[in-house]
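Comments concern the structure below.
Just so it is clear, the model here is predicted, and its values are computed rather than measured. Each ligand, and each atom within it, is numbered from 1 in the order the structure gives. We use all heavy atoms of the structure for the numbers below, so side chains are in, but hydrogens, waters and symmetry mates are not.
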Amino acid sequence: MSPLPPPSEDAYDRIRLRQWSAGTARSAGIDRRDLLKLVAAASAAVPLASVAAPAQAAAAPGSPAAAQAAAGLPGVVKPLPPELFTLRGTNAETNFAALKGTGLLTPADRFFVRNHTATPQIDRDTWKLTVWGDGLKGGPVDFSYADLLRLPSVSRTGFVECAGNGRSFFASQQGQAVSGTAWTLGAIGAARWRGVRLGDVLRRAGIGRHAVDVLPRGLDAEVVTDGVNLGRVRRPLPVAKALDDVLLAYEMNGEPLPPDHGYPVRIIAPSWVGIANIKWVGDIEVSADPLLTPWNTGLYRLFGPGYPPEGSAPLTRQTLKSAFELAQGASFPAHRRTVLTGRSWSGGAPVRSVEVSTDGGQRWRRARLHDVPRAGSWVRWSVDWVPTVKGATELLARATDRSGRTQPKATAHNTQGYLFDAVVRHPVTVS
Ligand SMILES: Nc1nc2c(c(=O)[nH]1)N[C@H]1C(S)=C(S)[C@@H](COP(=O)(O)O)O[C@H]1N2
Ligand SMILES: [Mo]
């Protein structure tokens, strides 16, 4: 087939929204009434059980919570020591302080884990990927792991970030109630991903010109929330994105994907919300009709006073954020020079500059950037600081991207707390 134009996300979103409202898009693997219930729940900010897992405070060393953290989570294979992670329900948030000195790529041992249920154990020799659906010219086509390894490989560096990263600041900085996992800023990691182009696989499977949506589905357990079985984790990609820069990745930082991060094969959808990066892919539906699943209807849209009852368009790109590589409440000796380090990232235009304030936001100065900013990745930065005034203060970092957008003071409220992009106030003490 001839190459499609690059994705126009705005056009895609507008069309899907109209189709959803008019009831012409198809519900993939779930009853339309159940989807409508989810949308109603989302707009009323009724927390959904699976996304509203209770947050756990950072465990004090030696406490029972710390012992549990050291033991890990039942649904996660890798160890989750409390120096590296804060456990939140079925998920593990990376402690940002643990990224200090790690370089551009996040080692797998400290990469955050977001599991709707649990990491499945998959044997790559019996694993296969089935590509099927009425958007293909012919019948279903299977690919083994070895088949994928024989296709041309590509590598790219980029982050995977949860759309809810930073969600807890809606409550702590803005006094607003939101539902979902109460992440601070550590629901992100960046890695070097290697795999095959999803487009190469779709073309080999015989994708037709009439295909509009591509729906990868995970092999992890079905998600049941409030008595509704949502089915397996799946979220459609518009065909233009699927054929543009999306990978079926089998390596992370030069190693086979770790079990918790999608072994043997996951989707990498550069710059897009974490949920688009389906782990443990087992099949991909190629559809001639627009597809709706819980993950692009009730979930992963913006609901609230400023949004239509059916929510905003489905979320696509991540937003602009910054974080210090520092524990909350860290303390610094007065009159001693220290180097503050952090990272800024963007799902839109690459980061252009970063400013830091060490006095609660009164004065700002430029941070030194340590990486060439690239789209879909992060840049490390640093500033020197000689604290003089003893007591509590707040550190702030704010990024500006190449389109001229700067992180705002507040993020407009949405009931599920997605895409927090405001400047985060990081409490520290000087003693
Ligand atoms: N199959 C499957 N894919 C999934 C998920 C999941 O629970 N199951 N979680 C999604 C979400 S919400 C995020 S933020 C990312 C997290 O990727 P990570 O756990 O490798 O950091 O995976 C996405 N892909
Ligand atoms: Mo996520």
N or O pair under 3.5 Å between Thr117 and ligand 1: no

Is the closest N or O pair between Val160 and ligand 1 shorter than 3.5 Å? no

Give yes or no for whether the N/O distance cutoff of 3.5 Å, strictly under, is met between His116 and ligand 1. yes

Carboxylate-amine/guanidinium proximity below 4.0 Å for Glu93 and Arg88: yes

Check ligand 1 against Phe111 and write out every atom of the ligand that is under 4.0 Å from a heavy-atom position of the residue. 21 (O)

Run the numbers for me: atoms of ligand 1, each under 4.0 Å from some heavy atom of Asn115, listed by number. 7 (O)

Applying side chain to side chain donor-acceptor pair (under 3.5 Å), run through Lys100 and Thr341 and close with a yes or a no. CA-CA 7 Å; Lys100 199 176 173 80; Thr341 63; 3.1 Å; yes

With a cut-off of under 6.0 Å to the ring centre and 45° to the axis, is Arg343 in cation-pi contact with Trp378? yes

What are the atoms of ligand 1, with element, lying closer than 4.0 Å to any heavy atom of Ile278? 3 (N), 24 (N)

Counting heavy atoms not belonging to Arg374, are there more than 12 under 6.0 Å from its CZ? no

Which residue and atom name correspond to the protein heavy atom nearest atom 24 (N) of ligand 1, and how close is it? Asn277 O, 3.0 Å

Provide, to 0.1 Å, the distance between atom 21 (O) of ligand 1 and the closest protein heavy atom, together with that atom's residue and name. Phe112 O, 2.7 Å

Is it the side chain, the backbone, both or neither of Val233 that has a heavy atom closer than 4.0 Å to ligand 1? side chain

Would Arg217 and Trp280 count as a cation-pi pair here, with the cationic atom under 6.0 angstrom from the ring centre and within 45° of the axis? no

Are Arg232 and Glu222 close enough, and set up right, to give a salt bridge (charged side-chain N to carboxylate O under 4.0 Å, His left out), and what steps lead you there? CA-CA 4 Å; Arg232 290 193 162 150; Glu222 295 180 332; 5.5 Å; no

Subset of ligand 1 atoms that lie under 4.0 Å from at least one heavy atom of Gly218: 1 (N)

For Thr86, which of Asn95, Thr94, Thr184 qualifies under side-chain hydrogen bond (donor to acceptor under 3.5 Å, both in side chains)? Asn95

Step by step, work out the salt bridge (charged side-chain N to carboxylate O under 4.0 Å, His left out) result for Arg203 and Asp200. CA-CA 5 Å; Arg203 283 189 199 92; Asp200 286 351; 3.8 Å; yes

May I ask you to identify, for Trp280, whether its side chain, its backbone, both or neither come under 4.0 Å of ligand 1 on a heavy-atom basis? side chain

Could you tell me the residue and atom name of the protein heavy atom closest to atom 3 (N) of ligand 1, and the distance to it rounded to 0.1 Å? Lys279 N, 2.9 Å

Tell me, with the steps shown, if Lys128 and Asp142 meet salt bridge (charged side-chain N to carboxylate O under 4.0 Å, His left out). CA-CA 6 Å; Lys128 66 180 163 58; Asp142 285 351; 3.8 Å; yes

Assess whether a salt bridge exists between Asp401 and Arg352, defined as any Lys/Arg side-chain N lying under 4.0 Å from an Asp/Glu carboxylate O. no

For atom 15 (C) of ligand 1, find the nearest protein heavy atom and state the residue, atom name and distance (0.1 Å precision). Gly274 O, 3.7 Å

Contact with ligand 1 for Tyr300, non-hydrogen, under 4.0 angstrom: yes

Atoms of ligand 1 less than 4.0 Å from Val113 heavy atoms? 19 (O)

Salt-bridge criterion met for Asp147 and Arg150 (N-O under 4.0 Å): yes

Atom 9 (N) of ligand 1 - nearest protein heavy atom and its distance: Arg114 O, 3.3 Å

Side chain, backbone, both or neither: the part of Asp220 lying under 4.0 Å from ligand 1 by heavy atom: side chain

Any non-hydrogen atom of Arg266 lying under 4.0 Å from ligand 1? yes

